[in-house]
Amino acid sequence: MPHTPSKRLAVAVAALALGGSLTVPAATATATASTASTVTSVRLQGTAPACVSRDVIKQKKQVVVTNRCGKTMHLKVVINNGPDLKCWTYQNGEGFLWKWKLGSYGKIVTC
């Protein structure tokens, strides 16, 4: 399913509403065949497996989350002492850059 401008705008608005921002890194430009979408019923299941890469730059309050698990994953960024991000669906190979303003990086969990 290709990206549509309205879906990209909805993703950007959702990220900004959570006190952060969302951009797609150049490395994931080839994985734009489908967009991350919110999951309506959030059920935390535990820390995400090692096949989900987390590139954290704590000083900049940002993390790049990339799904390298070979299957679709439902993931959530947990921010310590700040607002957690919503649960998002990542297709295999898809990744996003998340930024936040309050708190510090905690972990990535499945949901």
Side-chain angles (χ1 to χ4, degrees):
M1 173 180 261
H3 281 301
T4 63
S6 62
K7 285 184 181 181
R8 284 185 283 196
L9 179 60
V11 169
V13 169
L16 292 172
L18 293 169
S21 61
L22 169 70
T23 58
V24 178
T28 61
T30 59
T32 58
S34 61
T35 186
S37 60
T38 57
V39 175
T40 55
S41 61
V42 174
R43 186 182 71 192
L44 299 181
Q45 296 178 343
T47 303
C51 59
V52 174
S53 70
R54 308 138 169 94
D55 298 316
V56 181
I57 302 176
K58 291 184 178 184
Q59 299 84 351
K60 292 185 178 184
K61 295 189 180 221
Q62 69 183 37
V63 60
V64 176
V65 179
T66 306
N67 174 10
R68 301 184 192 283
C69 297
K71 63 181 181 177
T72 300
M73 298 291 293
H74 304 286
L75 305 168
K76 177 178 178 173
V77 177
V78 175
I79 304 299
N80 295 333
N81 302 312
D84 294 345
L85 302 174
K86 291 185 178 183
C87 185
W88 290 85
T89 300
Y90 291 78
Q91 302 300 322
N92 183 47
E94 192 171 44
F96 289 94
L97 168 67
W98 294 99
K99 294 182 180 183
W100 61 93
K101 295 181 188 233
L102 300 173
S104 61
Y105 172 80
K107 61 184 174 179
I108 307 295
V109 296
T110 57
C111 47

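Remark: the backbone N or O of Gln91 is paired with a side-chain donor or acceptor of Asn67 at under 3.5 angstrom. A donor-acceptor contact shorter than 3.5 Å links the side chain of Lys61 to the backbone of Gly103.
Interatomic distance, CG of Asn80 versus CH2 of Trp100, reported as 9.5 Å (0.5 Å rounding). To the nearest 0.5 Å, atom CZ of residue Phe96 and atom CG of residue Leu85 are 12.5 Å apart. We find the CE-CG distance between Met73 and Asn92 to be 10.0 Å, quoted to the nearest 0.5 Å. A distance of 9.5 Å separates CD1 of Ile108 from CH2 of Trp98, quoted to the nearest 0.5 Å. Here the NZ-CD1 distance, from Lys101 to Ile79, works out to 13.5 Å after rounding to the nearest 0.5 Å.
Under the rule for a side-chain contact (heavy atoms from CB on, under 4.5 Å), the partners of Thr47 that lie at least two apart in sequence or sit in another chain are Arg54, Lys107.
Residues Val77 and Trp88 fail the side-chain proximity criterion, which asks for heavy atoms closer than 4.5 Å. Looking only at side-chain heavy atoms (C-beta outward), Leu75 and Thr110 come within less than 4.5 Å of each other. Side-chain atoms of His74 and Thr89, non-hydrogen and from C-beta on, do get closer than 4.5 Å to each other.
Scanning all heavy atoms of the two residues, the minimum distance from Lys76 to Cys87 falls at CB-CA, 4.2 Å.
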